[in-house]
Amino acid sequence: MIFNAGASELHNRFAKISASQAGATARYNIGFDIATADMLGSISLLFCGNSPLQGEACIAPNGFDASSATLLAEAGETGFSIDPSSTTNHIVLTRTAVNANPGPARYTLSDIVNPGDIGGFYLRIQTFATQDATGPSTDFGGVALVIPNDNVSVSTYVPPYLLFCLGVTIDGTDCETVSGNYVNFGELSTRSSRTTTTQMVVATNAGDGYVITVNGTTMLSGTNAIPALVSNDVSRPGTSQFGMNLRSNNDPDVGQNPVGAGTGAVKPSYNVPDRYRFVSGEQVAGATHSDAYRKYTTSYIVNIAKGQAPGIYVSTLSYICTATF
Amino acid sequence: MKRITKALQRPLYAVAALAMLIGIAATAVVPGLVSAGELTDRSIKMSTAVPGATATYNISFTADSGATSIRSVVVDFCDASPLYEDVCGHTNGLNASSATLSAQSGTSGWTITPAAQQLIISGASQNSGATISFTVAGITNPSPHTQFYARIASYASQAPATDGYVSATNVGTNIDFGGIALTTTQYTVDITARVQEKLQFCVSKLNPGTNCGASGQAVTDPELTLGTGSPTKVIDEQQVYDDNAFIQVSTNAQSGVVIRMKNSNACGGLDRGNNLCEIPAAGSGASTAGGFTISGAGFGLYCTPGSANLTAEAPYDGGTTNYGMDTETGVTPDSVTSTYGSPILSSAGAINNESAELVYGARASLTTPAGIYTASMDLIATGTF
């Protein structure tokens with residue numbers, strides 16, 4: 001290859017690569033502005049590890065391999081193919097020589113293996129009137145490329161979490177505002193239902209969601225009990241009943257529906273307004289996937305018959321929230 | 001000494017007599033010349049000595065003859081001799097026919113009458129004792145390379161012919177005369193020096209010293225962990241957690257450098273190996289200038305250049321609160337999942353040891369599944385020379 005001292009410099013020349021890791025297989029987008037309106041039959045792309053300077057000996061970059069390169073795209077001066085004389089560090093684009101128009105030219109080559117060493121390497125670009133990159137060059141230019149020392153690796157950990165709080169009242173879905181753990185029905189009556197509510201908030205990133213169960217006894221006073229509603233029933237003043245649901249009710253007027261950004265739902269047995277039930281251990285609410293904040297309001301009703309034994313009736317209920325990750 | 005003098009007396013007289021005879025004879029042989037003074041400090045400075053080039057000649061001299069006024073000067077170019085006694089041959093290639101008088105010193109208002117191998121410059125009376133110079137442009141140097149001569153004669157009349165000037169060998173009655181040798185040069189000195197293309201680029205956890213840590217702080221492994229806590233850092237929905245790295249770049253690419261970034265995750269966010277991108281790109285991957293506040297689960301970057309020589313590209317230009325991670329396909333600029341990556345920093349021209357801080361931030365939401373989330377960011381520098 002002859003360096004033509006009269007050749008013009010290729011301006012705006014660059015080599016953009018699709019991956020910068022050492023030894024990676026990458027796509028090279030090579031561009032330059034053709035300076036001379038002259039016959040163009042071939043373009044020499046010579047990759048060197050030591051210098052971009054024309055006329056100096058070229059040492060191939062260690063590990064660099066363009067022997068499997070494919071010409072994917074071309075723009076500006078087109079009609080090229082990769083000449084069979086191309087080697088591991090020298091790509092010759094060839095075509096039948098025609099007059100070139102000064103202006104931008106772009107060539108995209110795939111399946112080029114980057115050098116195996118980090119640091120700089122170079123591309124020498126020359127244009128020729130001949131079809132095989134022999135004889136004096138028309139235009140030339142060098143490009144510097146670089147394999148940087150490393151990529152930036154980013155990692156982080158999201159732990160499993162389950163947020164669950166319970167109280168008499170909760171402002172919005174903020175568990176910091178939980179208030180009270182004791183509700184008092186007051187003096188029970190045969191003529192009207194006694195009601196009260198509690199609230200609970202849950203959120204989780206468990207992939208398979210959560211369930212909430214209620215556990216405990218009906219209202220007891222020693223050996224005397226107010227029967228729990230083991231099957232859904234309306235509130236019947238004058239009939240001894242203890243039950244609950246997680247809905248807004250009209251009869252009696254108590255409770256509210258679930259609220260919040262989450263999509264968790266009340267289980268069917270406790271999801272019917274004005275129908276009440278209590279079976280210890282049953283699921284009252286849940287979600288099938290991770291869920292944002294969801295607030296449930298539990299409505300409790302107590303009715304007594306005329307023959308209900310006098311006494312102080314109490315119950316302790318515990319709610320258990322279980323998430324499945 | 002006395003003996004030698006006496007011995008030479010007769011021969012000295014003989015020599016003197018002979019000299020007088022020669023002097024008289026020489027005067028008689030050369031026609032049309034009245035004894036003239038010599039132009040001193042005479043020179044012709046050429047603006048270029050390249051054969052065939054168009055040059056400017058600065059003709060300068062000091063007239064010798066006391067109070068005699070000068071009103072014209074003739075410059076004859078000859079090929080072989082500066083002496084008016086000798087033939088004045090044609091100097092090949094020399095052409096002064098288009099010469100112009102661009103400046104004059106010691107005279108005022110003089111004009112030029114050029115010919116192919118002659119210049120006649122004339123004007124109002126000027127005392128001949130002054131130093132006079134004429135700057136004459138548009139003279140074509142001789143070609144090929146040669147030595148050549150100028151014969152300069154000054155006259156009392158504005159038209160030298162009035163004082164008997166006929167030609168370069170029949171100069172008539174001039175006031176002063178002088179000859180100058182000139183030459184073109186066969187070769188010019190060509191000096192060539194090459195500055196080779198340069199691109200240096202590195203990525204580091206700590207801000208590296210000059211030349212990518214060749215001095216000062218060495219380059220360190222850019223491995224970032226986002227979050228808070230110990231021994232395991234975790235992120236949650238409470239805030240954005242960030243960590244930083246640095247790049248440093250030097251290049252003599254006159255059209256500058258662009259640094260692009262590619263995300264190893266096809267979705268552009270952080271992934272726990274299931275390609276579901278449960279921590280997505282900030283701002284839904286838009287490329288809007290100024291970046292985005294990460295309010296739910298999100299992952300992004302903002303760049304802080306070390307000087308005005310580097311520019312942070314949209315959407316990585318959000319300052320210290322807004323992040324970006326361009327995943328838009330089919331639009332400019334390219335995304336972090338495109339073939340060549342998304343431009344994050346650029347320069348307009350050559351730069352030296354310019355650094356920038358890269359701040360990566362991430363935030364989980366309440367529903368972000370538990371797990372270890374990762375991404376590898378490939379940084380690629382491209383110079384346009």
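The chains referred to below are lettered A, B, ... by the order of the sequence lines, with proteins before strands, and numbering in each begins at 1.
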* **More than 12 heavy atoms from other groups under 6.0 Å of CD on B:E223** => no
* Counting only heavy atoms closer than 4.5 Å, note whether A:F32 contacts chain B via side chain, backbone, both or neither. => neither
* **Under 4.5 Å from a heavy atom of chain A, the part of B:R272 involved** => neither
* Asked: From A:Y157 OH over to B:T225 OG1, what is the distance, rounded to the nearest 0.5 angstrom?
  -> 14.0 Å
* Asked: Between B:K262 and A:S18, is there a donor-acceptor pair closer than 3.5 Å when you use the side chain of the first and the backbone of the second?
  -> yes
* Under a 4.5 Å heavy-atom cutoff, which of B:P222, B:A362, B:A381, B:S204 has the most pairs with chain A? -> B:P222
* Asked: When you look at A:T156 and B:Y241, which way does the side-chain contact (heavy atoms from CB on, under 4.5 Å) test go after all the steps?
  -> CA-CA 9 Å; A:T156 189; B:Y241 296 89; over 6 Å; no
* Asked: Considering only heavy atoms from C-beta outward, does the side chain of B:V219 approach that of A:D150 to under 4.5 Å?
  -> no
* **Contacting region of A:Y28 [heavy-atom separation from chain B under 4.5 Å]** => backbone
* **Distance (rounded to the nearest 0.5 Å) between A:N149 CG and B:F201 CZ** => 8.5 Å
* Asked: Taking atom CD of A:E56 and atom CZ of B:R194, what is their separation to the nearest 0.5 Å?
  -> 9.0 Å
* Asked: How far does CG of A:N151 sit from CG of B:D378, to the nearest 0.5 angstrom?
  -> 4.5 Å
* Max heavy-atom pair count under 4.5 Å with chain A, selected residue of B:N252, B:I380, B:D221 -> B:I380
* Go through B:G227, B:S376, B:A375 and name the one with the most non-hydrogen pairs under 4.5 angstrom from chain A. => B:A375
* Asked: Counting only N and O atoms by type, is there a donor-acceptor contact under 3.5 Å from the side chain of B:T382 to the main-chain atoms of A:K16?
  -> no
* **Top contributor to chain A contacts, counting heavy-atom pairs under 4.5 Å, from B:G341, B:G371, B:S264, B:G383** => B:G371
* **Main-chain N/O of B:L379 paired to A:S20 side chain as donor or acceptor, under 3.5 Å** => yes
* Asked: At what distance, to the nearest 0.5 angstrom, does OG1 of B:T339 lie from CG of A:N29?
  -> 9.5 Å
* Using non-hydrogen atoms only, which part of A:D291 is less than 4.5 Å away from chain B: side chain, backbone, both, or neither? -> backbone
* When B:T374, B:I372, B:D236, B:V234 are compared by non-hydrogen pairs under 4.5 Å with chain A, the top option -> B:V234
